[in-house]
Amino acid sequence: MGTILDSIIERKKTEVEVLKKATEVFPDFPYKTRSLIKALRGAEDIAIISEFKRASPSKGDINIDLDPGQQAILYAESGATAISVLTDQKGFKGSFDDLRKVREVVDLPILCKDFIVDEIQIDRARSAGADVILLIASVLSVGKLAELHTYASSIGLECLVEIHDQTDLEKALEINAALIGINNRNLKTFEVNMENTEKLGPHVKKAGALLISESGMKTREDIARASAAGASGVLIGETFMTSSDIKNTFTQFTVPIVRDLHEG
Ligand SMILES: O=C(O)c1ccccc1NCC(=O)[C@H](O)[C@H](O)COP(=O)(O)O
């Protein structure tokens with residue numbers, strides 16, 4: 001039997017066919033993209049990428065009725081370096097409208113968090129106002145990963161190449177990804193383990209890429225562990241979506257970057 005991730009990808013392939021048949025055009029968004037990579041390079045503290053995540057396959061409903069604009073303003077005022085928006089409808093109750101609403105109110109880099117298998121989804125992300133897209137190495141051949149990475153760069157978008165294991169790492173390194181996310185959540189079993197960042201992080205740093213640790217972070221200690229493993233940033237969804245005091249959560253999660261892991 002296939003995993004939930006397999007079914008998401010099958011659904012995305014169908015979505016792509018529909019998008020292509022619909023001849024919907026995604027007009028270029030009239031703005032200059034904001035660079036997450038530049039923001040990460042200049043940071044003293046670990047960068048926080050806070051996510052707008054209404055629901056998820058692993059947790060069900062998280063906070064489905066939140067207003068994306070209001071939440072984005074809170075994230076920005078609290079010190080977010082970037083905002084991630086889940087745009088998948090079925091699994092996460094997200095939408096491109098959510099992304100557009102975030103774009104309208106903040107000037108931070110926005111990561112379109114979706115399951116991208118085709119260039120047309122990249123056009124749609126850019127058209128809605130994204131600056132960065134997610135490419136999940138485990139669901140793409142190395143050839144397709146390279147193609148999508150090249151295409152996104154050609155239209156001014158940065159790519160967060162997500163890995164979970166050694167095979168994914170090799171793909172990310174083969175395409176010289178500048179920004180690599182290590183997912184602590186196994187997307188096939190939903191098991192979360194911070195040790196994944198500690199295990200793969202040193203290889204990412206050795207290759208000279210910027211590292212983001214993703215998923216499952218709930219405490220300052222988790223952020224400190226990611227920083228000690230060489231992360232320049234952390235991607236956090238559920239903890240912020242359920243926080244009753246987002247500013248305070250940001251303050252707790254402000255952790256200096258471990259500088260010597262970022263040089264040489
Ligand atoms: O979160 C899930 O259940 C999930 C299931 C299948 C594919 C992707 C999934 N999550 C996407 C993410 O990577 C997270 O939303 C992101 O890293 C934030 O995670 P968290 O802080 O644990 O909400």
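First listed ligand is number 1; within each ligand, the first listed atom is number 1. Here, residue 1 is the first one in the sequence, and each next residue gets the next number.
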Following the transitive rule for hydrophobic clusters with a side-chain heavy-atom cut-off under 4.5 Å over Ile, Leu, Val, Met, Phe, Trp and Tyr, establish whether Ile163 and Ile175 coincide in one cluster. no

In terms of the angle between their ring planes, are Phe240 and Phe250 parallel, tilted or perpendicular, with boundaries placed at 30° and 60°? parallel

More than 12 heavy atoms of other groups within 6.0 Å of Glu221 CD: no

Check: Asn183/Ser215 side-chain N/O donor and acceptor closer than 3.5 Å: yes

Is the closest heavy atom of Met241 to ligand 1 under 4.0 Å? no

Any N or O on Lys53 sitting closer than 3.5 Å to an N or O of ligand 1? yes

salt_bridge(Lys101, Asp67) N-O dist < 4.0 Å: no

Record the part of Phe240 in heavy-atom contact with ligand 1 below 4.0 Å; permitted values are side chain, backbone, both and neither. neither

For atom 3 (O) of ligand 1, the closest protein heavy atom turns out to be Ser58 OG, 2.6 Å

Please verify whether a non-hydrogen atom of Leu187 lies at under 4.0 Å from ligand 1. yes

For residues Glu238 and Ser56, is any side-chain donor paired with an opposing acceptor at under 3.5 Å? no

Which of the atoms in ligand 1, numbered in the order shown and given with their element, are less than 4.0 Å from a heavy-atom of Ile236? 21 (O)

Within a distance under 4.0 Å of any heavy atom of Glu238, pick out the atoms of ligand 1 and give their elements. 20 (P), 21 (O), 23 (O)

Restricting to heavy atoms, the pick from Lys113, Glu214, Lys218 nearest atom 13 (O) of ligand 1 would be Lys113

Backbone or side-chain N or O of Gly237 under 3.5 Å from ligand 1 N or O: yes

Once rounded to the nearest 0.5 Å, what's the spacing between atom OG of Ser232 and atom CG of Leu36? 9.5 Å

Which residue holds the protein heavy atom closest to atom 15 (O) of ligand 1, what is that atom called, and what is the gap in Å? Glu51 OE2, 2.5 Å

Donor-acceptor contact below 3.5 Å, side chain Tyr75 vs main chain Ile83: no

In Arg54, Lys53, Lys113, the residue satisfying salt bridge (charged side-chain N to carboxylate O under 4.0 Å, His left out) with Asp98 is Arg54

Could you identify the single nearest non-hydrogen protein atom to atom 17 (O) of ligand 1 and state the distance to 0.1 Å? Ser215 OG, 2.7 Å

Any N or O on Gly216 sitting closer than 3.5 Å to an N or O of ligand 1? yes

Heavy-atom count check: over 12 atoms from other residues, nucleotides or ligands less than 6.0 Å from Lys90 NZ? no

Phe92 heavy atom under 4.0 Å from ligand 1: yes

Out of curiosity, is Asn183 lining ligand 1, as in a heavy atom under 4.0 Å away? yes

So, 4.0 Å and heavy atoms of Lys59: is ligand 1 close enough to count as a contact? no

Who's the nearest protein heavy-atom neighbour of atom 6 (C) of ligand 1, and how far? Phe190 CE2, 3.7 Å

Between Lys144 and Glu147 (salt bridge meaning N to carboxylate O under 4.0 Å), is one present in this structure? yes

In terms of atom number and element, which parts of ligand 1 are under 4.0 angstrom from non-hydrogen atoms of Phe115? 7 (C), 8 (C)

